[in-house]
There are 2 protein chains.
Amino acid sequence: MPRVMPDDPLNELPGYALRRAANAMMAELTARLVPLDLRISDASVLMLIAERTDMTSSDIGKVLDIQRANMVPLLNRLEAAGLIARKPIDRKSQAVVLTPEGRERLADTRAIVTCFEDDLMARIPDEHRPHFLPALRALVGQPVDP
Amino acid sequence: MPRVMPDDPLNELPGYALRRAANAMMAELTARLVPLDLRISDASVLMLIAERTDMTSSDIGKVLDIQRANMVPLLNRLEAAGLIARKPIDRKSQAVVLTPEGRERLADTRAIVTCFEDDLMARIPDEHRPHFLPALRALVGQPVDP
DNA sequence: TATTGTTATACTCTATAACTATA
DNA sequence: TATAGTTATAGAGTATAACAATA
């Protein structure tokens with residue numbers, strides 16, 4: 001993680017600054033989640049299934065942009081940790097649900113994430129702050145094609 | 001029966017939106033650099049050493065936030081591709097310099113990167129655009145500590 | 001036919017520890 | 001002593017192909 005940033009001529013490039021900012025912030029969040037023994041993707045899944053019921057593994061992957069195949073080890077870890085359970089919807093699909101222990105861990109997760117988000121926004125000067133999320137959402141909204 | 005796919009409730013979180021935006025944009029840039037047979041890190045190195053003379057491998061790593069150890073295969077690839085050469089500074093350090101072929105590839109790289117950056121900024125609505133780079137730089141400037 | 005869950009695999013990026021040769 | 005370059009390695013994240021069972 002960058003503690004100091006030497007003067008970098010590439011810093012005028014928004015795309016480069018975007019990458020650096022995201023890397024720095026995600027490293028920071030990753031570190032803050034270590035005490036909960038959760039990765040960022042784990043936390044995302046817990047927070048998502050808490051607000052959307054009857055989400056299957058495929059559903060979660062579509063929303064969070066995680067490949068179906070990569071959901072398997074992720075959910076297996078959360079299940080092994082006792083945080084989620086699989087509840088059959090039909091003979092093909094399973095809903096991913098929080099266990100009581102998962103709900104407790106979610107509360108801690110939310111506290112950490114909220115604090116992280118607040119700290120992140122606090123680092124942005126007042127006049128730029130309200131424009132940050134709208135700008136990011138404009139980027140994710142549609143792909144940039146040549 | 002198809003279940004409905006709700007919007008992502010995590011999109012209200014700036015940190016999450018930052019991660020999604022960076023992932024999407026970096027995937028886009030990666031794809032655009034494929035014709036040049038360069039990765040984003042490769043392009044960054046070429047652009048950096050073009051503006052800073054006598055950069056050692058360690059210097060480049062410090063500026064671009066790449067571990068010393070990870071610079072080795074990166075520079076080896078660029079050298080094998082004939083784009084850079086190593087020029088001894090003393091018996092311990094080597095400057096990384098562009099070859100003539102490297103300078104040609106750099107020109108193509110700059111064209112692609114400039115187009116990419118323009119397209120990226122164009123996706124952001126006018127009223128938010130001037131705030132984007134300053135916000136990002138505020139995030140990279142100092143670490144967010146609890 | 002299309003989708004779900006899964007296995008296997010591979011490639012990239014990143015992080016750390018340790019070694020050597022030299023400053 | 002500290003730094004430059006390197007080797008080896010391991011952990012993540014990500015991507016694709018393929019398969020069986022079911023919708």
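Both backbone and side-chain heavy atoms feed into the values below; hydrogens, waters and symmetry mates do not.
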Q: Report yes if a side-chain nitrogen or oxygen of B:K62 is closer than 4.0 Å to either non-bridging phosphate oxygen (OP1 or OP2) of D:dT3; otherwise report no.
A: no

**Q.** A:D65 CG to D:dA15 P, straight-line distance once rounded to whole Å
**A.** 7 Å

Q | SB check B:E117 B:R110 (cutoff 4.0 Å) | A | no

Q. A:Q94 has a side chain; which of C:dT6, D:dG5, D:dA8 sits nearest to it?
A. C:dT6

Q: May I ask you to say whether B:R105 pairs ionically with B:D37, meaning some side-chain N is under 4.0 Å from a carboxylate O?
A: no

Q | Candidate nucleotides D:dT7, D:dT16, D:dG13, ranked by approach to the side chain of A:Q67 - the nearest | A | D:dT16

Q | Position toward the 5' end of DNA chain C (nearest nucleotide), B:R77 or B:S93 | A | B:R77

Q: Name the nucleic acid region contacted by B:R86, choosing base, sugar-phosphate or nothing; use a 4.0 angstrom heavy-atom cut-off, strictly under.
A: sugar-phosphate

**Q.** Of A:N70 and A:A95, the one whose closest DNA chain C nucleotide lies more 5'
**A.** A:A95

Q. Expressed in angstrom and rounded to an integer, what is the separation of B:K92 atom NZ from C:dC19 atom P?
A. 18 Å

Q. Looking for any heavy atom pair under 4.0 Å, which part of the strands does A:R68 touch: base, sugar-phosphate only, or nothing?
A. base

Q: Considering only NZ, NE, NH1 and NH2 on the basic side and carboxylate oxygens on the acidic side, decide whether B:D119 and B:R32 come within less than 4.0 Å.
A: yes

Q: Looking only at side-chain atoms of B:S58, point me to the closest of C:dT14, C:dG5, D:dG5.
A: D:dG5

Q.
Return the CD to OG distance between A:Q67 and A:S58, rounded to the nearest 0.5 Å.
A. 11.0 Å

Q: Describe the nucleic acid contact of B:N23 in one word from base, sugar-phosphate, nothing, applying a heavy-atom distance below 4.0 Å.
A: sugar-phosphate

Q) Once you round it to whole Å, what is the distance between C1' of C:dT14 and CZ of A:R39? A) 14 Å

Q.
Using whole Å, what does the distance between atom P of nucleotide C:dT3 and atom CE of A:M55 come to?
A. 17 Å

Q: Using heavy atoms to find the nearest nucleotide of DNA chain D for A:I40 and A:A69 separately, return the residue whose nucleotide is more 5′.
A: A:I40

